[in-house]
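Sequence positions, counted from 1, serve as the residue numbers for this chain.
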Amino acid sequence: MNMKAIIFDMDGTLVDSLILWDVIWDTISRKYCAGVPFLPSPEDEKAVRTLPLLEAMTLLQDHYQLAACAQELYETINRCFLNFYQHEVLLKPGVQEFLEECKNRGIKMCVASASAVELVEIALEHCGVRTYFSQIFSCAGTGKGKEVPDVFLIARDALGETTQNTWVAEDSLVALTTAARIGMPTMGVYDRCTPGQEQIEKIATVYIGPGETMKKVFSV
């Protein structure tokens, strides 16, 4: 296995974010839908999980006219993110041990997330793993989601390794497909709130399934 560097997604890959999306839909239901349960279409839910937050909230506002404007919806949901990352977010099982093993092996690590850099910083500090990562990159910095490779290419260049030696760890089929398309080896990480697990298992170089941890990558 030729692994010199890893670009990690955060939500659903490093941290367990299931409860966050439950909180977001509940907040929208209470604040904008008079308590009527709100859930976007499967296509829209898939999209908002990989887009920068402002772009994601603009999509929801355009499709469902929830708030007075997209900026209001963004500010409401951003507060949900901030509270969750400051007080509630937890690492997924085995993540800290895997990061420590990567550090001991001299593998370079960074984070590329759809979430804003400041929110990623808060979450990683809360979980006690910020020091493992040299840099944090956000799709907000490129203005594009992970359906295009921009954020991965920027992160790869910052890590200073070749495409073939730089792995991408993700729970999203969209992001894994993008990384694979440009020749990056991938670690597909199971998350119970992410659809398309059969496709993720097929496309990933290594698939971390239910009950498995990232250390599996060192044994294949």
Closest approach of [X] and [Y], non-hydrogen atoms and distance?
X: Thr213; Y: Pro93; result: CG2-O, 3.9 Å
X: Arg181; Y: Pro149; result: NH2-CD, 4.3 Å
X: Ser17; Y: Gly12; result: OG-N, 3.6 Å
X: Gly188; Y: Ala204; result: N-CB, 3.5 Å

Interatomic distance, [X] atom [atom1] to [Y] atom [atom2] [nearest 0.5 angstrom]:
X: Leu173; Y: Ile203; atom1: CG; atom2: CD1; value: 6.0 Å
X: Met3; Y: Arg105; atom1: CE; atom2: CZ; value: 8.5 Å
X: Asp62; Y: Glu55; atom1: CG; atom2: CD; value: 10.5 Å
X: Met57; Y: Thr76; atom1: CE; atom2: OG1; value: 10.0 Å

Any side-chain to backbone donor/acceptor pair from [X] onto [Y]? Under 3.5 Å, distance only.
X: Glu170; Y: Thr186; value: no
X: Lys216; Y: Tyr207; value: yes
X: Thr142; Y: Ser138; value: no
X: Glu72; Y: Ala68; value: yes
X: Gln61; Y: Ala67; value: yes
X: Glu125; Y: Ile122; value: no
X: Thr13; Y: Met10; value: no
X: Ser29; Y: Phe38; value: yes

Item to check | Verdict with supporting geometry, Thr27 and Tyr32, side chain to side chain donor-acceptor pair (under 3.5 Å) | outcome: CA-CA 8 Å; Thr27 297; Tyr32 299 112; over 6 Å; no
Under a 4.5 Å cut-off applied to non-hydrogen side-chain atoms, are [X] and [Y] in contact?
X: Met214; Y: Val95; answer: yes
X: Pro185; Y: Gln164; answer: no
X: Thr166; Y: Lys4; answer: no
X: Lys92; Y: Leu14; answer: no
X: Leu99; Y: Met109; answer: yes
X: Phe218; Y: Cys102; answer: yes
X: Cys33; Y: Ile28; answer: yes
X: Thr58; Y: Tyr74; answer: no

Next on the checklist: Please evaluate residues Lys215 and Glu97 with respect to the criterion salt bridge (charged side-chain N to carboxylate O under 4.0 Å, His left out), reporting the C-alpha separation (whole Å), side-chain torsions for both, the decisive distance (0.1 Å), and the verdict.
Outcome noted: CA-CA 8 Å; Lys215 290 187 80 170; Glu97 293 81 1; over 6 Å; no
Checklist entry - Are Leu176 and Val15 connected in the hydrophobic side-chain network, where two residues link if heavy atoms are under 4.5 Å apart? => result no
Next on the checklist: When you group the ILVMFWY residues by side-chain heavy-atom contacts below 4.5 Å and let the links chain together, are Val174 and Trp167 in the same group?
Outcome noted: no
Next on the checklist: Checking Ile208 against Met187 for the side-chain contact (heavy atoms from CB on, under 4.5 Å) test, could you report, in this order, the C-alpha distance in whole Å, the side-chain angles of both residues, the deciding distance, and whether it holds?
Outcome noted: CA-CA 7 Å; Ile208 312 302; Met187 188 191 313; 3.6 Å; yes
Next on the checklist: I need the full list of side-chain hydrogen bond (donor to acceptor under 3.5 Å, both in side chains) pairs touching residues 148-162, with sequence neighbours left out, sorted by first then second residue.
Outcome noted: Lys108-Glu161, Lys144-Asp150, Arg156-Thr163, Thr162-Asn165
Next on the checklist: Tyr64 vs Asp44, test: side-chain contact (heavy atoms from CB on, under 4.5 Å). Steps then yes/no.
Outcome noted: CA-CA 10 Å; Tyr64 303 97; Asp44 288 345; 2.7 Å; yes
Next on the checklist: List the residues meeting side chain to side chain contact (heavy atoms under 4.5 Å, CB included) with Thr194, not counting sequence neighbours, and say none if there are none.
Outcome noted: Asp171, Asp191, Gln197, Ile200
Next on the checklist: Looking at Lys202 and Glu198, is any side-chain nitrogen of the basic one under 4.0 Å from a carboxylate oxygen of the acidic one?
Outcome noted: no
Checklist entry - Would Ile136 and Cys110 satisfy side-chain contact (heavy atoms from CB on, under 4.5 Å), going step by step from the backbone distance to the final call? => result CA-CA 6 Å; Ile136 295 170; Cys110 72; over 6 Å; no
Quick one: side chains of residues 18-26, donor-acceptor pairs under 3.5 Å with protein atoms, not counting sequence neighbours, listed by atom name and distance.
residue : atom : partner : partner atom : Å
Asp26   : OD2  : Arg30   : NE           : 2.9

Checklist entry - Between Glu121 and Val117, is a side-chain contact (heavy atoms from CB on, under 4.5 Å) present by the stated rule, with each step listed? => result CA-CA 6 Å; Glu121 292 272 9; Val117 169; 4.1 Å; yes
Item to check | Distance-only polar pair, side chains of Tyr190 and Glu201, donor-acceptor under 3.5 Å | outcome: no
Checklist outcome for this item: Apart from Phe137 itself, its cluster of hydrophobic side chains linked below 4.5 Å comprises Ile7, Val151, Phe152, Leu153, Ile154, Leu159, Val168, Ile182, Met184
Checklist entry - Hey, what else clusters with Val148 if you join Ile, Leu, Val, Met, Phe, Trp, Tyr whenever side-chain heavy atoms sit under 4.5 Å? => result none
Checklist entry - Is Gln65 atom CD crowded by more than 12 heavy atoms from other residues, nucleotides or ligands, each under 6.0 Å away? => result yes
When the side chains of residues 78-90 are checked against the rest of the protein, which donor-acceptor pairs come out under 3.5 Å, sequence neighbours left out?
residue : atom : partner : partner atom : Å
Tyr85   : OH   : Asp11   : OD1          : 2.7
Tyr85   : OH   : Asp11   : OD2          : 2.8
Tyr85   : OH   : Ser115  : OG           : 3.4

Checklist entry - Would Phe133 and Phe8 count as a close aromatic pair, with their ring centres under 6.0 Å? => result yes
